[in-house]
Amino acid sequence: LWPWLLASSGLSALVQLVTLPFFPDSPSYLLIQKGNEEACRKAIRKLWGEGDHQAEIDDIMKEKGAMASTKTLRVLEVIKERSLRWQLYILMTVMTTLQLCGINAIYFYSFEVFHTAKFEEYLIPYMSLGVGLCECLSSILCSTLIDRFGRKVLLWGGYMLMCSVLALLTMTLSLQHRFFWMHYFSVILIFLFVVFYGIGP
């Protein structure tokens, strides 16, 4: 089953490869990068149907004007630019915490936790697949929640819940030899951690 599962990712790539030539170019790309207003209008009509789309074209023209007056900075210039310092700090903090939040350790040790919980050997790969499915579904849920609560709330809430789950998981793994039900609690915590990761970071 696993070879077929891995090969299935090629199916979506094949669908994209076949259908991509039939999709129109981005109107903003055609107008800003190519400077072709007629092709831009044609792409807009193809995407949004017939009608008066002058307001959208005016917005793209404003964006083009704003980009023309903005200087493109190199990497070192971005680092040295004082006005961008806080944005750079925030970006580095978010990316660092994303890498060090523990999701890789959860994925790496989940098989061992499932095995210790005395699940049948043939069920463990499906449970690992369920962990990945949880992340996928929670990411979809995040896309609906982000407009309602905002990115900041989801980040803070996600990280706080992940910290709480990791603390509980450390406790359940330490006590799993004393209480037989701790194994199952650890499994539940792994799924919860992945859900909170998908919703937050």
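All residue numbers refer to positions in the sequence shown, counting from 1. Because the structure is a prediction, the values reported are computed rather than measured.
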Which residues share a side-chain hydrogen bond (donor to acceptor under 3.5 Å, both in side chains) with Glu81, sequence neighbours left out: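 side-chain hydrogen bond (donor to acceptor under 3.5 Å, both in side chains) list for Glu81, sorted by chain: Ser83.
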Rounded to the nearest 0.5 Å, how far does [atom2] of [Y] lie from [atom1] of [X]?
{"X": "Leu168", "Y": "Leu173", "atom1": "CG", "atom2": "CG", "answer": "11.0 Å"}
{"X": "Lys42", "Y": "Lys46", "atom1": "NZ", "atom2": "NZ", "answer": "7.5 Å"}
{"X": "Phe193", "Y": "Cys163", "atom1": "CZ", "atom2": "SG", "answer": "8.5 Å"}
{"X": "Leu31", "Y": "Cys40", "atom1": "CG", "atom2": "SG", "answer": "4.5 Å"}
{"X": "Leu47", "Y": "Asp25", "atom1": "CG", "atom2": "CG", "answer": "10.0 Å"}
{"X": "Lys64", "Y": "Ser28", "atom1": "NZ", "atom2": "OG", "answer": "11.5 Å"}

So [Y] and [X], do their side chains get closer than 4.5 Å, heavy atoms only?
{"X": "Ile106", "Y": "Leu169", "answer": "yes"}
{"X": "Thr172", "Y": "Leu189", "answer": "yes"}
{"X": "Leu98", "Y": "Tyr197", "answer": "yes"}
{"X": "Met171", "Y": "Met182", "answer": "no"}
{"X": "Ile199", "Y": "Val195", "answer": "yes"}
{"X": "Phe196", "Y": "Phe191", "answer": "no"}

Can you list the residues that meet the side chain to side chain contact (heavy atoms under 4.5 Å, CB included) rule with Tyr122, with sequence neighbours excluded?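 Listed in chain order: Glu120.
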My understanding is that only residues two or more places apart in sequence, or in another chain, count here; which of them pass side chain to side chain contact (heavy atoms under 4.5 Å, CB included) with Pro125?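 Side chain to side chain contact (heavy atoms under 4.5 Å, CB included) check on Pro125 returns Trp2.
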Do [X] and [Y] land in one hydrophobic cluster if side-chain heavy atoms of ILVMFWY residues count as linked below 4.5 Å?
{"X": "Ile188", "Y": "Phe114", "value": "yes"}
{"X": "Val187", "Y": "Leu123", "value": "no"}
{"X": "Val113", "Y": "Phe179", "value": "yes"}
{"X": "Tyr184", "Y": "Tyr109", "value": "no"}
{"X": "Ile190", "Y": "Phe180", "value": "yes"}

Listing, residues 127-138 side-chain donor-acceptor contacts under 3.5 Å, not counting sequence neighbours, or none:
residue : atom : partner : partner atom : Å
Ser128  : OG   : Ile124  : O            : 3.2
Glu135  : OE1  : Tyr107  : OH           : 2.2
Ser138  : OG   : Cys134  : O            : 2.9
Ser138  : OG   : Glu135  : O            : 3.0

May I ask you to say whether Lys80 pairs ionically with Glu77, meaning some side-chain N is under 4.0 Å from a carboxylate O?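 Salt bridge flag = no for Glu77 with Lys80.
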Mind jotting down which residue pairs meet the ring pair (Phe, Tyr, Trp, His ring centres under 6.0 Å) criterion with at least one end in residues 127-156? Sequence neighbours excluded, please.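 Ring pair (Phe, Tyr, Trp, His ring centres under 6.0 Å) check on residues 127-156 returns no pairs.
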Which of parallel (below 30°), tilted (30 to 60°) and perpendicular (above 60°) describes Phe185 and Trp181?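 Rings of Phe185 and Trp181: tilted, 30 to 60°.
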Main-chain N/O of Ser9 paired with Ser12 side-chain donor or acceptor, under 3.5 Å: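 Yes, the answer is positive, given that a donor and an acceptor are paired below the 3.5 Å cut-off.
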Kindly indicate, with the supporting measurements, whether the criterion salt bridge (Lys or Arg N to Asp or Glu O under 4.0 Å) is fulfilled by Arg41 and Glu37. CA-CA 6 Å; Arg41 288 180 185 277; Glu37 189 172 335; 3.0 Å; yes
How far apart are the closest heavy atoms of Arg151 and Gly200, and which atoms are they?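 Result for this residue pair: NH1-O, 3.1 Å.
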Side-chain donor-acceptor distances from residues 55-63 under 3.5 Å, at least two apart:
residue : atom : partner : partner atom : Å
Asp58   : OD1  : Gln54   : NE2          : 3.0

